[in-house]
Amino acid sequence: MTAAFFLVDGNSFYCSCERAFDPKLRGKPVVVLSNNDGCVISRTAEAKALGVAMGEPWHLARRRPELAAVRWFSSNYPLYADMSRRMFEVMASFSPDIEPYSIDEMFLSMEGEAGELLETAKSVHEEVLRVAKIPTCVGIGPTKTIAKLANKHAKNSPDLRGVCDLGSPEARTELFRTWPVSEVWGIGPRSSAKLAAHGVRTVAEFLDMPSALVRREMSVVGARTQDELRGVPCLPLSLSPPTRKNVAATRTFGTPIEGRATEEAVAAFACRAAERLRKLGLAARHISVFLRTGEFREGPRHSCLASAAIEPTADSLFLSAVAARLARENLREGIAYAKGGVMLGDLSPAGETADLLPSRDPVRSSRLMQAIDAVSARHGRNALRPAACGTTDRWAPRQGNLGNRFTTDIRELLKAKA
DNA sequence: TCTGGGGTCCTAGGACCC
DNA sequence: TCTGGGGTCCTAGGACCC
């Protein structure tokens with residue numbers, strides 16, 4: 001018996017979610033755009049073949065005549081989150097040892113004989129496609145880093161039919177000889193440049209580097225990556241989500257805004273962040289607010305950052321009022337801001353540390369928040385909102401082509417023709 | 001002439017991830 | 001008109017303590 005990690009990753013995940021509900025999109029080039037319909041954050045193989053790059057600004061790309069037929073969607077996170085949950089459920093039936101790593105990626109810890117593991121991986125691939133309607137690739141390796149690499153290799157090589165097993169040292173030696181070290185999980189542009197300066201370009205060359213040198217150039221993180229690539233597990237599966245340290249809500253505005261509208265925007269972000277905080281059962285002791293002018297526009301630049309220590313809370317009314325005040329005290333008259341956000345930090349479990357002299361009644365606050373969350377769940381987030389958020393949402397991002405929330409909103413169910 | 005040494009906590013910045 | 005929005009971890013250096 002050997003132990004192995006599987007990394008299961010949804011192919012073009014957001015696009016696949018849109019496709020799952022519209023068979024006409026099969027085989028067609030599809031892209032999903034970031035907030036504000038800004039850049040491409042997911043693209044199908046067909047779109048990639050037409051030359052659409054990840055992160056490319058769509059307003060420029062779409063002018064290219066060859067991209068006229070590309071179907072595009074504004075991102076629809078409630079749908080993607082729900083599809084992710086379905087994917088997780090299918091995979092959890094294969095192993096209880098499962099770690100959701102991102103919205104479209106999950107690590108599984110498995111045991112079995114070498115051939116057995118490969119067969120199991122094929123079954124995972126088929127079941128996720130059959131039940132959750134998401135095509136995936138599965139990478140197998142003795143460490144998480146190798147499983148990631150195996151997964152990427154499966155993505156690059158369609159003839160592997162979605163599954164790649166790098167469990168054996170022989171299989172790895174062959175691949176590592178040519179695999180660029182810059183494509184290893186954990187090695188970004190900075191480390192790649194440092195390695196290139198030492199003449200190191202492939203994984204094999206990286207493994208030949210003395211550990212002490214790797215440690216000096218890339219700290220313990222790089223040293224860990226090197227060990228993992230040698231087949232020594234350093235990164236365990238984490239079965240429970242780590243305790244959060246920050247919760248943030250930030251946005252680029254649909255169009256730049258000034259003065260009062262920016263106060264309303266950060267107040268709305270504070271509400272959004274507070275909502276997430278409550279869902280996590282946490283309270284924050286620190287709030288910070290930022291506003292920034294656009295990077296791509298002429299005109300005066302300004303960015304402001306303000307923060308405050310607060311009594312532990314997840315109260316939307318309080319947090320939105322503080323956020324609006326911080327903005328008001330720090331923003332500059334006549335400057336149009338393009339981007340802003342609220343970050344809540346210094347988190348602790350809600351109700352754990354009672355302030356000795358709380359200025360608000362925590363019981364009343366928590367009841368009020370429960371009521372607000374209940375109304376929002378039923379009638380949408382905008383049904384009930386603090387006055388500080390205003391009523392016009394002049395900051396709201398553009399969403400030019402939003403698909404339906406097929407699975408999470410009763411009003412947007414898929415309609416079947418009989 | 002000699003000018004401690006070790007520890008903790010905090011923050012800013014760097015690097016990386018999806 | 002239109003260029004994302006989240007996160008984490010590590011290190012270095014300063015402040016402070018005894």
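No experiment lies behind these values; they were computed from the predicted model shown. Convention: sequence-line order gives letters A, B, ...; per-chain numbering from 1.
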So what does [X] hit on the nucleic acid, given a heavy-atom distance under 4.0 Å: a base, only sugar-phosphate, or nothing?
X	value
A:Asn35	sugar-phosphate
A:Val32	nothing
A:Leu33	nothing
A:Val184	sugar-phosphate

- Message: Nearest 0.5 angstrom please: A:Thr143 OG1 to A:Ile146 CD1, how far?
- Response: 3.5 Å
- Message: Need to verify one output field. Residue with the more 5' nearest nucleotide on DNA chain C, A:Met343 or A:Arg398?
- Response: A:Arg398
- Of A:Asp37 and A:Ala249, the one whose closest nucleotide on DNA chain C sits nearer the 5' end is A:Asp37
- Using 30° and 60° as the class limits, which term best fits the ring planes of A:Phe269 and A:Phe253: parallel, tilted or perpendicular? parallel
- Parallel, tilted or perpendicular: ring planes of A:Tyr14 versus A:Tyr77, cut at 30 and 60 degrees: perpendicular
Distance test, side-chain N/O of [X] to OP1/OP2 of [N], below 4.0 Å:
X	N	answer
A:Thr255	C:dT1	no
A:Arg244	C:dG7	yes
A:Thr250	C:dG6	yes
A:Lys148	B:dC17	no

Tell me the interatomic distance from [X], atom [atom1], to [N], atom [atom2], rounded to whole angstroms.
X	N	atom1	atom2	value
A:Glu217	B:dG14	CD	P	17 Å
A:Arg292	C:dG5	CZ	C1'	12 Å
A:Phe253	C:dG4	CZ	P	13 Å
A:Gln399	C:dG4	CD	C1'	12 Å
A:Trp185	B:dC18	CH2	P	8 Å
A:Asn151	B:dC17	CG	C1'	15 Å
A:Glu105	C:dG6	CD	P	19 Å
A:Lys194	B:dC16	NZ	P	8 Å

Closest to the [X] side chain: [options]?
X	options	value
A:Lys339	B:dC18, B:dC16, C:dG5	C:dG5
A:Arg251	C:dG6, C:dG4, B:dC16	C:dG6
A:Ala248	B:dC17, B:dA15, C:dG7	C:dG7
A:Ser34	B:dC17, C:dG4, C:dT3	C:dG4
A:Ser191	C:dT3, B:dA15, C:dG6	B:dA15

Pairs under 3.5 angstrom, nitrogen or oxygen only, protein versus nucleotides 9-12 of chain C, please.
residue, atom, partner, partner atom, Å
C:dC9, OP2, A:Lys245, NZ, 2.9
C:dT11, OP1, A:Arg215, NH2, 3.1

- Message: Work out how far the P atom of B:dT3 is from that of C:dC18, and round it to whole angstrom.
- Response: 24 Å
With a 4.0 Å cut-off on N to O distance, would you call [X] and [Y] a salt bridge?
X	Y	answer
A:Arg201	A:Glu183	no
A:Arg224	A:Asp227	no
A:Arg278	A:Glu275	no
A:Lys155	A:Asp9	yes
A:Glu99	A:Lys144	yes
A:Arg172	A:Asp165	no

- Message: Tell me the closest heavy-atom pair linking A:Ser75 and A:Leu402, and the distance in Å.
- Response: O-CD1, 3.4 Å
- Task: Report the secondary structure of DNA chain B in dot-bracket form, marking unpaired bases with a dot and bases paired to a different strand with |, and treating Watson-Crick or G-U pairs with both distances under 3.5 Å as paired.
- Result: ....||||||||||||||
- Item | Under 3.5 Å donor-acceptor, A:Arg398 side chain and A:Asp37 backbone | no
